[in-house]
Amino acid sequence: MIDLKLPDGKVINIEKGATVLDAAQKIGPGLAKAALAGKINGHLIDLRAPVNESASLEIVTGKSPEAPEVFRHSMAHIMAEAILQLFPEAQFGIGPAIENGFYYDFLLPRALTTEDLETVEEKMKEVIAKRLPFVRREVSKEEALKMFKELNQPFKLELIEELEDQTITVYSQGKFVDLCRGPHVPDSGAVKNFKLLSIAGAYWRGDEKRPMLQRIYGTAFASKEELKEHLDRLEEAKKRDHRKLGKELDLFSTQEEVGPGLVFWHPNGARIRHTIETFWKEMHYKNGYELMYTPHIGQSWLWETSGHLDFYKESMYSPMEIDGSDYFIKPMNCPFHIMIYKSKVRSYRDLPLRWAELGTVYRYEKSGVLHGLLRVRGFTQDDAHIICTPEQIEDEIREVLRFSLSLWKAFGFSSIKAYLATRPAKAVGDENRWNQAIEALNRAVVAEGLDCEVDDGGGAFYGPKIDLKIKDAIGREWQMTTIQFDFNLPERFDMTYVGSDGNRHRPYMVHRALLGSIERFFGVLIEHYGGAMPVWLAPVQARVLPISDRQADYARLVQKQMREAGIRVELDDRSDKIGYRVRQAQLEKVPFMIILGEQECESSTVTVRLRNGDNLNQVKLEDFIREQEWKKTSA
RNA sequence: GCCGGCGUAGCUCAAUUGGCAGAGCAGCUGACUUGUAAUCAGCAGGUUGCGGGUUCGAGUCCCAUCGUCGGCUCCA
């Protein structure tokens, strides 16, 4: 007999070699029925796996946090079996569980269509109905190689050959056999709430030189309700798509005749951008930054010195020749800021320098990766460089982080997580500096009470960094802020300052972009608010709607007063019915509709319709103006 | 860049097996003077992304190209 310690502290005894399912049975038949897998000493294992020694045991049910990974992975196998039935000659790549779902990569004799998804789904339902057991087997490496050779599965052979272990586990259900570590649900009937979502091309092992496989993405959840919730979320995301809203609200466009990835800001979008940038500039001045403007192009010397022409050239636009010299359009602002730094001798008394610029850069992005405002070829970074002494670095980092958080709060984002990336194997800069930098980043995160994940060795070769990911209104994470040390450029450009000892020293340099780029930020902002911008950002904050011509004079007076109060206000006195004009303002997501009829005219008041349909009935205009936040003041 | 889908009026979308390119909204003109998400009538709007080809005939089929969408990859 062996002891199994349960999560609640209780200990049960089972026979050595009994299965997890036996143990679950012993705890309770209800639990055994709901069980999907087990967890022995923290490791996920099959329900039918034998337990040979005393350990801690947890039964994984549909409600466990580990469950989705297990049943989604099983779902991928079920899909693979469906594909095998439809295409007996199919070759299989990999099929893992992913966030919210699963996928599997196949090499098939023909391209799949969206109709095929339904066929595959039907087949999967058949497989599920059969409740085929997932059978785990351990075989020797040679045996495995022989097995998958017979099955004509070259991708699997490649994977097996790379495995170090001499014992290989394979899982099978029905006719489908797969190389797999497991665990899986006990049988194919254990999970049925799924939907196939899309087909996509995917290179074998992500390598563009290897064959392109066809990937099917699907989603699966423990309950019908959760599945529906997820599908609704996808639907909601579609509604909020910034490309759709950008067109509907006339915010921006890209134009085929001009070039992909180049953004046109229409008047409405430009209004919002202007408001964002004005606020951003005020905030920077208040937080001790200086603002700068630098050129858009520079001679090749600059990019040779910075190293960009060595390792970033494929992302840069080709040079243009001017008076016999090559000029490149800038993909980054840093070399220009450095040139300002180097324009005179700097003393330790001048530091820290906080230099910011809304700098527009151009990068060549592969055509296939362009995406609305989120991935473009020309964009404006809200860039800054902090140049300081070693003694100042800690305070500076803390300050940047604090500043960043205050900016996010102002724009209505509160859920933020930090990701710290440390020194990779190949890196420049001496280790002391790296350590000091990482320390500073670490302490700043702690001081601000941020959740932080550490990516050990995930930093760039030139320095460690902190990225901030923000969560939007429907729970999606976006990587926006980056705070990045650079031990490379100060060396390459030989940046120095004169210390109190009269000697020259190398300053620290930190790149940081808080919003990231204005374009990308705008895209995220649109999706976060579903196009209904908060009042201070709305391109049109209020629209005055007189019921008939008889209120025309009063309407003009109201408009004038609001305009003089600094409000972006429009008058819509067209001879259409009020319902029509309300509808239009509503579709344009104007925050306030100022309705003026006979009654308002007589009582010298206004009635305000809000975007949510609520009314402020016959209020005094001054009171209404006073009570709203028309402009965000930089705190 | 690669794999696959899509591209018809400013927008959203129709157009049997290849057989006269159409509707709603938006726009313009006029009437209506209106109380909270669409008043009515009329007018105008197109080289079906661009270029080739097959065919008596192409929005529809084929090739190429551009753009876009879903992914892969990249994001020093």
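In this text, all values refer to a predicted model and were calculated from it rather than measured experimentally.
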Colleague: In terms of side-chain heavy atoms, does A:Arg205 have a donor or acceptor partner in A:Tyr203 at a distance below 3.5 Å?
Modeller: no
Colleague: Let me know the distance between CG of A:Asp614 and P of B:rA37, rounded to the nearest Å.
Modeller: 13 Å
Colleague: Could you say whether A:Tyr312 or A:Gly613 is positioned toward the 5' end of RNA chain B, judged by the nucleotide with the nearest heavy atom to each?
Modeller: A:Gly613
Colleague: Taking any heavy-atom pair under 4.0 Å as a contact, classify A:Asn488: base, sugar-phosphate, or nothing.
Modeller: base
Colleague: Is A:Arg233 salt-bridged to A:Glu236, going by a charged N under 4.0 Å from an acidic O?
Modeller: no
Colleague: Between A:Lys366 and B:rC72, does any side-chain N or O lie under 4.0 Å from OP1 or OP2?
Modeller: no
Colleague: What about A:Arg210, does its side chain sit under 3.5 Å from the base of B:rC72 through a donor-acceptor pair?
Modeller: no
Colleague: Does anything in residues 524-535 of chain A come within less than 4.0 Å of RNA chain B? Heavy atoms only, and list the residues if so.
Modeller: none
Colleague: Check whether any side-chain nitrogen or oxygen of A:Arg581 sits under 4.0 Å from OP1 or OP2 of B:rG35, and answer yes or no.
Modeller: no
Colleague: For the pair made of NZ in A:Lys209 and P in B:rC72, what is the distance, rounded to whole Å?
Modeller: 18 Å
Colleague: In chain order, what residues pass the side-chain contact (heavy atoms from CB on, under 4.5 Å) check against A:Leu117, with sequence neighbours excluded?
Modeller: A:Leu196, A:Ile199, A:Ile216
Colleague: Would you mind writing out the side-chain donor-acceptor pairs for residues 422-429 of chain A within the sub-3.5 Å range, not counting sequence neighbours?
Modeller:
residue	atom	partner	partner atom	Å
A:Thr422	OG1	A:Asp456	OD1	2.7
A:Thr422	OG1	A:Gly457	N	2.7
A:Arg423	NH2	A:Gly429	O	3.4

Colleague: Can you give each donor-acceptor pair under 3.5 Å made by side-chain atoms of residues 594-602 of chain A, sequence neighbours left out, with the distance rounded to 0.1 Å?
Modeller:
residue	atom	partner	partner atom	Å
A:Glu598	OE1	A:Gln551	NE2	3.3
A:Gln599	OE1	A:Gln618	NE2	2.9
A:Glu600	OE1	A:Gly597	N	2.8
A:Glu600	OE2	A:Thr607	OG1	2.6

Colleague: Checking side-chain polar atoms at under 3.5 Å, does A:Asp383 have a donor or acceptor matched by the opposite partner on A:Asn333?
Modeller: yes
Colleague: Indicate whether any N or O donor in one side chain lies under 3.5 Å from an N or O acceptor in the other, for A:Arg363 and A:Tyr317.
Modeller: no
Colleague: Could you check whether atom NZ of A:Lys417 has more than 12 heavy atoms from other residues, nucleotides or ligands sitting under 6.0 Å from it?
Modeller: yes
Colleague: Using whole Å, what does the distance between atom P of nucleotide B:rC25 and atom CD of A:Glu248 come to?
Modeller: 18 Å
Colleague: Taking NZ, NE, NH1 and NH2 as the nitrogens, is one of them in A:Arg243 or A:Glu248 under 4.0 Å from a carboxylate oxygen of the other?
Modeller: no
Colleague: Within residues 114-123 of chain A, which residues have any heavy atom lying less than 4.0 Å from an atom of RNA chain B?
Modeller: none
Colleague: With no hydrogens and no angle check, do the side chains of A:Asn100 and A:Tyr217 hold a donor and an acceptor under 3.5 Å apart?
Modeller: no
Colleague: Would you call A:Arg520 and A:Asp382 a salt bridge, using N to O less than 4.0 angstrom?
Modeller: no
Colleague: Should A:Glu527 and A:Arg240 count as an ion pair when the cut-off is N to O under 4.0 Å?
Modeller: no
Colleague: Just how far, in rounded Å, is P of B:rG35 from CG of A:Asn615?
Modeller: 15 Å
Colleague: With a 6.0 Å cut-off (strictly less than), is the heavy-atom count around NZ of A:Lys228, excluding the residue itself, greater than 12?
Modeller: no
Colleague: Using a cut-off of strictly less than 4.0 Å between a heavy atom of the residue and any atom of RNA chain B, enumerate the qualifying residues of residues 583-608 of chain A by number.
Modeller: A:Arg583, A:Gln586, A:Leu587, A:Ile595, A:Gly597, A:Glu598, A:Gln599, A:Glu600, A:Thr607
Colleague: Measure from CD on A:Glu257 to P on B:rG10 and round the result to the nearest Å.
Modeller: 12 Å
Colleague: Does the side chain of A:Glu158 come under 3.5 Å of the side chain of A:Trp204 through a donor N or O and an acceptor N or O?
Modeller: yes
Colleague: Without decimals, in angstroms, what is the distance between A:Gln255 CD and B:rG7 C1'?
Modeller: 17 Å
Colleague: Taking atom types as modelled and ignoring hydrogens, do the side chains of A:Gln484 and A:Tyr462 form a donor-acceptor contact shorter than 3.5 angstrom?
Modeller: yes
Colleague: For A:Arg609, answer base if it contacts any base atom (sugar-phosphate contacts may also be present), sugar-phosphate if it contacts only those atoms, and nothing otherwise; contact means non-hydrogen atoms under 4.0 Å.
Modeller: base
Colleague: Using a heavy-atom cut-off of 4.0 Å across all strands, would you classify A:Tyr203 as base, sugar-phosphate, or nothing?
Modeller: base
Colleague: Does A:Lys156 count as lying over the ring of A:Phe92, i.e. NZ or CZ under 6.0 Å from the six-ring centre, within 45 degrees of the axis?
Modeller: no
Colleague: Hey, what are the protein-to-nucleotides 3-5 of chain B N/O distances that come in under 3.5 Å?
Modeller:
residue	atom	partner	partner atom	Å
B:rC3	O2	A:Gly201	N	3.4

Colleague: In terms of heavy-atom contacts, does CD of A:Glu477 have more than 12 from other residues, nucleotides or ligands at under 6.0 Å?
Modeller: yes
Colleague: Charged N to carboxylate O under 4.0 angstrom, A:Arg581 versus A:Asp576?
Modeller: no
Colleague: Enumerate, in order of first residue number, the stems that involve RNA chain B, defined as 3 or more consecutive Watson-Crick or G-U wobble pairs with both distances under 3.5 Å.
Modeller: B:1-7 with B:66-72, B:10-13 with B:22-25, B:27-31 with B:39-43, B:51-53 with B:61-63
Colleague: Can you tell me if A:Arg609 and A:Gln586 form a side-chain donor-acceptor pair at under 3.5 Å?
Modeller: yes
Colleague: Out of B:rU12, B:rC72, B:rG1, which has the shortest distance to the side chain of A:Lys247?
Modeller: B:rU12
Colleague: How are the rings of A:Tyr104 and A:His77 set relative to one another: parallel (under 30°), tilted (30 to 60°) or perpendicular (over 60°)?
Modeller: perpendicular
Colleague: So do A:Pro154 and A:Gln91 actually touch side chain to side chain, heavy atoms under 4.5 Å?
Modeller: yes
Colleague: Verify whether one side chain among A:Thr294 and A:Glu357 offers a donor that lies under 3.5 Å from an acceptor in the other.
Modeller: yes
Colleague: Near RNA chain B, which residues from residues 94-107 of chain A have a heavy atom under 4.0 Å away?
Modeller: none
Colleague: I'd like to compare against my own output: the B/S/- annotation of nucleotides 64-69 of chain B with a strict under-4.0 Å heavy-atom distance to protein.
Modeller: --BSSS
Colleague: What is the separation between atom CZ on A:Arg375 and atom C1' on B:rU73, rounded to the nearest whole Å?
Modeller: 10 Å
Colleague: Phosphate oxygens OP1/OP2 of B:rC72: is one of them under 4.0 Å from a side-chain N or O of A:Tyr217?
Modeller: yes
Colleague: When you check every protein heavy atom under 4.0 Å of nucleotides 39-46 of chain B, what one-letter string (B, S, -) results, 5' to 3'?
Modeller: B-------
Colleague: Indicate whether any N or O donor in one side chain lies under 3.5 Å from an N or O acceptor in the other, for A:Ser253 and A:His266.
Modeller: yes
Colleague: Between residues 541-552 of chain A and RNA chain B, which residues have a heavy-atom gap below 4.0 Å?
Modeller: A:Ile547, A:Ser548, A:Asp549, A:Arg550
Colleague: Let me know which of A:Trp408, A:Trp478, A:Phe379 forms a ring pair (Phe, Tyr, Trp, His ring centres under 6.0 Å) with A:Phe521.
Modeller: A:Trp408
Colleague: Can you identify which nucleotide, out of B:rG27, B:rU36, B:rC72, has its nearest atom closest to the A:Arg574 side chain?
Modeller: B:rG27
Colleague: Please work out if A:Gly206 contacts a base, only the sugar-phosphate, or nothing of the nucleic acid, heavy-atom cut-off 4.0 Å.
Modeller: sugar-phosphate
Colleague: Within the structure provided, determine whether A:Met593 and A:Leu610 are in side-chain contact (heavy-atom separation under 4.5 Å).
Modeller: no
Colleague: Would you call A:Lys465 and A:Asp467 a salt bridge, taking side-chain N to carboxylate O under 4.0 Å as the test?
Modeller: yes
Colleague: Taking NZ from A:Lys238 and P from B:rU12, how many angstroms apart are they, rounded to a whole number?
Modeller: 15 Å
Colleague: On the 0 to 90° scale, with breaks at 30° and 60°, tag the A:Phe522-A:Trp265 ring pair as parallel, tilted or perpendicular.
Modeller: parallel
